[in-house]
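Presented below is the structure to which this report refers.
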Amino acid sequence: KLVDESLPRERSHHRQVSGGYIYTEYHPMEEIYEWMTQIQKNNSEMVTQHILGMTFENRPMYYLKISQPSNKPKKIIWMDCGIHAREWISPAFCQWFVKEILQNYKSDPKISRFLQNLDLYVLPVLNIDGYLYSWKKDRLWRKNRSPFENGTCYGIDLNRNFNAFWGTIGASFNCSSDVFCGHRPEEAPESSAVAQFIRSKKSDILCYLTIHSYGQLILIPYGFTTKPPNEELMQVAEEAAAALAGKYGTNYKVGVPSSVLYSNSGSSRDWAHMIGIPFSFTFELRDTGTHGFLLPTDQIQPTCEETMLAVTTIIDYVDKKYFPGGAVMLTSSSLGLTLCLSIVFTWMVS
Ligand SMILES: *[C@@H]1O[C@H](CO)[C@@H](O)[C@H](O)[C@H]1NC(C)=O
Ligand SMILES: *[C@@H]1O[C@H](CO)[C@@H](O)[C@H](O)[C@H]1NC(C)=O
Ligand SMILES: *[C@@H]1O[C@H](CO)[C@@H](O)[C@H](O)[C@H]1NC(C)=O
Ligand SMILES: [Zn+2]
């Protein structure tokens with residue numbers, strides 16, 4: 001059920017309603033599956049739905065590809081949400097992001113520019129089994145749901161299961177631990193599905209974004225060393241944090257995990273950068289601990305709005321770096337400049 005028709009009218013007045021789907025609530029997995037189908041059907045010229053793999057409990061993992069029809073070869077921005085089950089604001093953001101892009105790509109010059117060069121691949125819920133478990137059994141569940149030791153302990157931390165200095169720091173080999181990294185990299189079907197896909201497209205992926213909560217951080221590679229970070233990644237993340245703060249004043253810290261969070265290994269962010277994807281960032285969304293993983297629904301909209309600004313700042317930077325020629329159309333600012341120059345020129349010669 002997507003929208004309960006019997007709800008009092010008043011309720012929907014207080015919420016952002018877009019095409020019937022309520023983006024300012026957390027949705028159970030069944031509704032997110034249904035949302036994916038609908039968003040694809042409703043925007044079939046721009047959106048296609050693809051299968052990435054199956055979860056441990058045999059549920060399909062779908063991603064959405066947002067692509068403006070064009071003959072020219074394009075590059076890819078990847079974004080995944082919900083690698084950690086309890087971080088509900090993360091899948092909510094992926095859904096918001098897709099909605100915003102589809103609503104605004106015609107009118108927003110920034111979005112329409114980068115969609116000429118870039119396709120957006122969005123995996124709304126990476127850890128589907130865990131997400132379901134966090135709705136039905138244990139709200140604070142983090143890992144996937146693979147059983148170990150005869151079902152006496154469950155779950156691999158998918159964000160410790162990638163092949164980036166796997167198992168070396170900030171991870172555990174005890175399957176009861178919340179940061180159990182598995183017995184080998186990509187042991188979990190979910191991390192394996194993502195890794196296989198990213199590897200197969202790595203020469204086309206310019207940017208890997210992975211959305212978590214909480215902490216209000218933008219993390220850059222690497223999590224397993226204290227070496228000074230890549231200057232350009234740092235600068236882009238700072239620009240993104242500034243754009244984000246411009247909306248509601250929310251303060252984000254930017255840096256490598258060892259300086260703003262804690263060291264870790266086996267993360268998807270580090271792995272993506274190690275295999276050659278130039279831009280790779282982890283977002284830790286609101287808040288800083290007041291509500292933690294239980295971020296109230298009235299913060300979904302402001303969180304998504306401000307995060308949208310940060311994410312589009314990053315995509316815009318990547319677009320302009322790799323496609324400096326940019327848009328085919330004359331933009332209004334370049335038109336303005338031309339006009340200015342011709343006025344100055346006319347004045348000089350007259
Ligand atoms: C798709 O379009 C239908 C008909 O306009 C609408 O009821 C539905 O809410 C839309 N779904 C999404 C996810 O936008
Ligand atoms: C799992 O169960 C089997 C059969 O009962 C037993 O032989 C084995 O030692 C158990 N393994 C662990 C890790 O508990
Ligand atoms: C694994 O962690 C659990 C829970 O913290 C603990 O009870 C158990 O003793 C640990 N096992 C080992 C082998 O360290
Ligand atoms: Zn997380």
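For ligands, and for the atoms within them, numbers begin at 1 and follow the listed sequence. Each residue takes its place number in the sequence, starting with 1. The analysis underlying the following values was restricted to heavy atoms, covering all of them including side chains, and did not include hydrogens, waters or symmetry mates.
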Subject >> Electrostatic pair K143:E190 at N-O distance under 4.0 angstrom >> reply: no

**OP:** Can you label the angle between the W96 ring and the Y23 ring as parallel, tilted or perpendicular, going by 30° and 60°?
**Re:** perpendicular

Subject >> Residue, atom name and distance, where the atom is the protein heavy atom closest to atom 5 (O) of ligand 2 >> reply: N150 ND2, 4.6 Å

Subject >> the Zn ion (ligand 4) to nearest N/O/S of E284 less than 2.8 Å >> reply: no

Original post:
How far is atom 4 (C) of ligand 3 from its nearest protein heavy atom, and which residue and atom is that?
Top reply: S176 CB, 3.9 Å

**OP:** Output the atom name for the N/O/S atom of H84 with the smallest distance to the Zn ion (ligand 4).
**Re:** ND1

Subject >> atom 7 (O) of ligand 3 within contact range, any protein heavy atom under 4.0 Å >> reply: no

Original post:
For atom 1 (C) of ligand 2, is the nearest protein heavy atom closer than 4.0 Å?
Top reply: yes

**OP:** Name the orientation class of the two ring planes belonging to W35 and Y21 (parallel below 30°, tilted from 30 to 60°, perpendicular beyond 60°).
**Re:** tilted

**OP:** Measure from the Zn ion (ligand 4) to every N/O/S atom of H212 and report the name of the nearest one.
**Re:** ND1

Subject >> Test of ring centre spacing under 6.0 Å for H273 and Y208 >> reply: no

Subject >> Taking atom 12 (C) of ligand 3 as the reference point, the nearest protein heavy atom with its distance >> reply: N174 ND2, 3.4 Å

Subject >> Pair W135 + W88: ring centers closer than 6.0 Å >> reply: yes

**OP:** Could you tell me if the ring centre of H183 sits under 6.0 Å from that of F148?
**Re:** yes

Original post:
Does NZ or CZ of R145 fall inside the cone over Y133's six-membered ring, less than 6.0 Å from its centre and within 45° of the axis?
Top reply: yes

Original post:
Could any protein non-hydrogen atom be found less than 4.0 Å from atom 14 (O) of ligand 2?
Top reply: yes

